[in-house]
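Inspection log for the structure reproduced underneath, given as structure tokens.
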Amino acid sequence: MAGIDYSQKIPNNVELSSDKRLQRALEEWQPNYIEWWKSMGPTDFNMNDVYLRTAVSVDADGWAHYGFVKMPEYRWGIFLEPQQAGRKIGFGDHMGEDAWQQVPGEYRNWLRRLIVTQGDTEPASVEQQRLLGHTAPSLYDLRNLFQVNVEEGRHLWAMVYLLHTYFGRDGREEAEELLQRRSGNADHPRILGTFNEPCEDWLSFFCFTMFTDRDGKFQLLTLAESGFDPLARTCRFMLTEEAHHMFVGQTGVGRVIERTCQVMKENPGQDVRKFGAIPMEIIQKYINFWSSSSTDLFGAEVSSNSANFFSAGLKGRAYEERYEEHKALDQTYSMERFLEGKLVHEDVALRNAMNEVLRDEYVKDNQKGIAYWNRICEKYENPFRFSLPHRRFNRKIGEYSAGRFDLEGHQISEHTWNQKVSEWLPTVEDKIYVKSLMKPVLEKGKIASWVAPPPKGVNDQPADYEYVKL
Amino acid sequence: MAATTYDRPPVRLQTHPTHYKHWKLSVSPDGEIATLTMAVDPQGGERDGYELKLNSYDIGVDVELNDAVQRIRFEHPQVKAVVLTGGLDRVFCAGANIVMLRSSSHAFKVNFCKYTNETRLGLEDASRRSGIKFLAALNGTASGGGYELALACDEILLVDDRNSAVSFPEVPLLGVLPGTGGLTRITDKRMIRRDRCDVFSTIAEGIKGKRAVEWNLVDGLLPLSKWKEGVAERAKALAAKATTRKHEPVQLEAIEPECTPIAHGEKYTYTYVSVELDHATRVAKLTVTAPATCAQTRAEAVAQGTAWWIMRAMRELDDAVCRLRFNHLDIALVLVRCTGSAATLHTTDALLAGEDHGFVGEVQHLVRRVLKRVDLSAKSFYAVADGGTVWVGSFLEILLACDRSFVLVDDDAAVQFGITAANSGLYPMSNELSRLATRFLGTPDKVGQVLAAGTSFDAATADELGLATYAPDAIDWDDELRLAIEERCAFSPDALTGMEANLRFPGPETMETKIFGRLSAWQNWIFQRPNAVGARGALQCYGTPNRPEFDHLRT
């Protein structure tokens with residue numbers, strides 16, 4: 001079951017060859033996908049051999065196989081975690097019933113919406129990052145970018161498999177439209193706003209993989225609990241891949257910080273810009289921007305959708321098994337709501353607060369990343385300490401978007417905001433400076449001035465390994 | 001019991017663009033295209049306890065829309081096309097606010113739906129009668145009442161962003177109906193196949209893109225990059241098809257009655273209308289009076305504008321009827337008396353008769369709408385034709401709109417009747433028939449006899465012609481009337497509402513009669529059923545942690 005059938009056009013561990021109708025449908029979608037990749041992926045690197053990992057099994061130990069491959073020939077496939085016999089629904093009103101192997105008619109539309117929204121973010125991020133290859137700080141980073149890209153592509157495959165298999169004609173149409181929407185396109189943009197913002201420099205890319213992909217992780221965690229078993233199994237395997245993306249983000253930002261620490265230590269009292277490094281304050285501003293924008297992705301603080309999805313057993317809490325009680329019916333969640341311009345304390349029905357429950361987990365996880373970066377500062381005896389802005393800061397979605405809040409979450413006036421915003425969020429000058437550093441460094445073993453080299457190579461390869469053959 | 005307690009503050013029915021909280025009315029520089037942009041203030045609800053998120057609406061939002069359409073007709077006569085669009089990103093309108101509906105009494109829900117239905121029909125009336133064409137420019141998802149609003153327009157454009165859809169989520173999500181004309185308009189106006197209507201009405205997230213066009217749910221798609229210019233182009237094309245209206249703008253002033261306390265209640269005094277409410281007997285006395293002098297020519301009427309008595313009187317009657325509906329639920333019976341100058345009615349009706357694309361024509365359309373508002377009100381109406389009352393032309397239409405007429409036949413009492421152009425089809429009811437034709441459905445000859453009865457006839461003649469339900473003489477009058485009133489007020493109010501709604505619209509069905517007689521009736525039934533409003537009903541549970549539990553027995 002766990003083995004992957006690579007003899008097929010579409011690698012899979014779902015015995016695709018036994019379902020001819022589905023196999024044909026997916027084989028028809030495949031060329032459209034490749035076309036999309038060739039036009040919207042990292043187009044100028046289609047012909048290069050890249051040292052990529054490919055899934056060869058879904059077992060925890062050693063599912064990844066490394067080797068050189070041209071990206072359009074990457075073996076994108078369909079991998080689900082093995083089915084657990086007798087799995088029960090673990091939360092909501094259907095708690096304790098057998099997990100659904102088919103879509104329950106009652107929830108067909110909700111499930112399709114959830115899958116389409118998740119699926120839409122995957123190709124969107126590839127589109128957002130499509131030009132970054134031209135300014136990579138090293139072959140190591142270039143390779144990581146492409147690894148992230150091909151895996152986002154595979155996640156699209158995972159969602160498309162579910163749409164084709166379980167949602168009939170509507171599902172096939174939605175699968176087509178996942179290839180038609182385009183990040184930032186004026187006519188048919190991607191569904192979620194954050195995924196229409198261009199990702200133009202590598203500091204943004206590292207922040208994106210740190211903060212935005214981490215939203216993805218938590219969304220996947222909730223769907224991994226789903227009563228719809230094929231979705232749960234798909235998401236559990238996607239989580240194993242997603243971990244690498246956040247590794248790229250956390251260590252990426254960490255290496256930028258480390259480089260600045262080195263420069264400051266070697267040249268005390270001098271502006272790090274003279275040495276082509278990025279000042280701590282600018283790094284903090286990028287953190288402020290990307291973490292707040294990604295915090296938006298969890299949706300409204302009080303949400304009927306979140307209550308519906310939980311009640312119906314479609315979307316649980318992250319790590320649902322850690323909770324003692326799984327119905328969440330008579331409990332409340334205590335939060336500061338922002339109503340009519342004032343912060344008001346309110347106890348909200350827990351099911352309606354599920355977005356906030358998930359955001360709590362997300363914030364906790366982000367804090368760990370901040371602590372990791374501060375340990376780098378400590379190591380270099382640098383007094384600067386990074387911090388995570390309060391969840392109310394700089395929001396565009398949800399109740400707090402109606403007001404202004406400082407980094408600690410205190411309500412402030414529009415006037416104060418305008419006075420302070422250039423200290424909190426990247427200014428035009430900051431962006432111009434960061435962009436000015438974005439010059440490709442593509443020789444073996446070399447690295448750009450603004451980032452420290454990685455402590456070790458991919459798959460234990462040496463520091464000067466040629467990860468991408470240009 | 002002078003005051004009756006309700007679940008809500010009184011509904012305010014008068015507003016002005018400078019006070020709008022939820023709509024923006026703008027007119028293009030050439031004056032031909034008006035744009036109504038909906039950007040509902042989430043905190044601007046008429047009551048506490050709900051937020052108007054995602055352009056969802058309550059009665060206050062609809063009062064503004066109704067006001068805006070009236071003003072376009074009177075204050076912006078050069079407007080040929082109206083664009084209705086949403087002012088929020090990727091949202092047109094999410095329909096009636098669910099929390100508002102859930103927390104409203106049954107009576108309020110019914111009144112709310114009736115009023116919003118009348119507003120939608122008002123758009124269609126403006127299109128048909130005044131030739132103002134409406135374009136629904138759906139800049140984002142239009143769900144439930146939002147799509148129903150679009151359906152009331154002449155044309156629907158939907159943005160093609162691969163995401164925005166039109167939808168009726170009522171049945172799958174809320175356990176109620178798209179009851180603001182939705183189910184009627186997809187079958188009878190857009191004539192979509194019934195099986196497709198069935199599918200569409202059960203997909204909560206709706207239908208978007210090409211299929212929405214193929215199924216005729218919308219008329220066209222526009223990509224985001226061509227949205228503004230494409231909408232402008234369509235609006236221009238619609239304007240080119242519109243009838244040219246010609247008149248000077250007439251500013252609509254607010255209609256605010258003076259309210260004075262009287263025994264057991266209060267009295268609202270307008271200029272030409274007054275209403276006395278008696279909460280002890282649950283009877284209201286409504287009087288409409290024609291003044292002694294009036295405009296003699298159309299030019300004079302135009303010069304008087306909104307002060308022209310018939311316009312003012314009808315706006316006052318409209319306000320009085322809406323007040324009775326929303327704010328005086330206890331009133332069972334309205335006794336209607338029309339008084340004043342018969343000559344004024346003859347002169348005025350002669351001016352109103354015939355086709356007119358100017359101000360006078362607009363007033364004619366207003367009279368028609370207000371009379372329909374009476375037809376559709378859930379109160380009993382008795383016309384009381386006693387000494388000094390005048391039932392000529394437009395006032396005779398008011399008598400014909402009543403459930404019964406009591407005509408005093410007495411030589412000493414002057415009761416004047418008279419026929420004008422107003423009685424021969426100028427003011428059809430929702431069933432498209434005149435009130436006389438409706439009254440004499442089985443004896444159409446009678447219609448001709450009444451119309452031939454002349455400009456002035458007395459109570460006895462009126463009775464012979466079939467215009468009186470009862471025609472007591474002076475000796476019996478007081479008792480007859482008292483008994484009829486007391487009897488009426490003793491009946492079940494629900495049974496009366498149902499009975500009257502059935503009896504008032506004999507004859508052919510139209511989209512309008514179907515909306516009020518079929519769709520609304522089913523909706524009102526569902527609004528009472530545990531599957532919608534019980535503790536675990538779908539409407540009650542929506543957006544809460546609880547999921548609905550249905551009684552699965554079909555009724």
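Each chain gets a letter, A, B and so on, in the order its sequence line appears, and its residues count up from 1.
To the nearest 0.5 Å, atom CZ of residue A:R112 and atom CD1 of residue B:I203 are 7.0 Å apart. The OG1 atom of A:T117 sits 7.5 Å away from the CG atom of B:N163 when rounded to the nearest 0.5 Å. Atom CZ of residue B:R90 and atom CD1 of residue A:I191 lie 8.0 Å apart, to the nearest 0.5 angstrom.
The number of heavy atoms from other shown groups lying within 6.0 Å of CZ (A:R337) is above 12. More than 12 heavy atoms of other shown residues, nucleotides or ligands fall within 6.0 angstrom of atom CG in B:D195. Within a 6.0 Å radius of NZ in B:K24, no more than 12 heavy atoms belonging to other residues, nucleotides or ligands are found. Shown here is B:K236, whose NZ atom has no more than 12 heavy atoms of other residues, nucleotides or ligands within 6.0 Å. Around CD of B:E233, the count of heavy atoms belonging to other residues, nucleotides or ligands within 6.0 Å does not exceed 12.
Heavy-atom pairs under 4.5 Å with chain B peak, among A:A312, A:A328, A:A349, A:S311, at A:S311. Ranked by non-hydrogen atom pairs under 4.5 Å with chain B, the options A:E173, A:K327, A:M354 are led by A:E173. When A:D330, A:L329, A:V116 are compared by the number of non-hydrogen pairs under 4.5 Å with chain B, A:L329 comes out ahead. Between chain B and the options A:A307, A:P189, A:G92, the largest number of non-hydrogen pairs under 4.5 Å is found for A:P189.
In this structure, chain A has a heavy atom under 4.5 Å from the backbone of B:K226, while its side chain stays farther away. Contacts between A:V302 and chain B at a heavy-atom distance below 4.5 Å involve the backbone alone (N, CA, C, O). With a 4.5 angstrom heavy-atom cutoff, A:D120 does not touch chain B via any of its atoms. Only the backbone of A:R190 comes within contact range of chain B, with at least one heavy atom under 4.5 Å from a heavy atom of that chain. Contacts between A:E177 and chain B at a heavy-atom distance below 4.5 Å involve the side chain alone, from C-beta outward.
The stretch residues 539-548 of chain B places B:Y542, B:G543, B:T544, B:P545, B:N546, B:R547 near chain A, each with some heavy atom under 4.5 Å from a heavy atom of that chain. At a heavy-atom separation below 4.5 angstrom, chain A is approached by B:P223, B:L224, B:S225 within residues 213-225 of chain B.
Residues A:D93 and B:E549 form no side-chain contact, since every pair of their non-hydrogen atoms from C-beta on lies 4.5 Å or further apart. Within the 4.5 Å cutoff, the side chain of A:S304 has no heavy atoms near those of the B:K53 side chain.
The heavy-atom pair separating A:D170 from B:R211 by the smallest distance is OD1-NH1, 3.6 Å. In terms of heavy atoms, B:E51 sits closest to A:L339 at OE2-CD2, 3.9 Å. Here the shortest heavy-atom pairing between A:N109 and B:A204 reads ND2-N, 4.0 Å.
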Trace of the salt bridge (charged side-chain N to carboxylate O under 4.0 Å, His left out) decision for B:K208 with A:E174: CA-CA 11 Å; B:K208 64 188 174 205; A:E174 293 285 7; 3.2 Å; yes

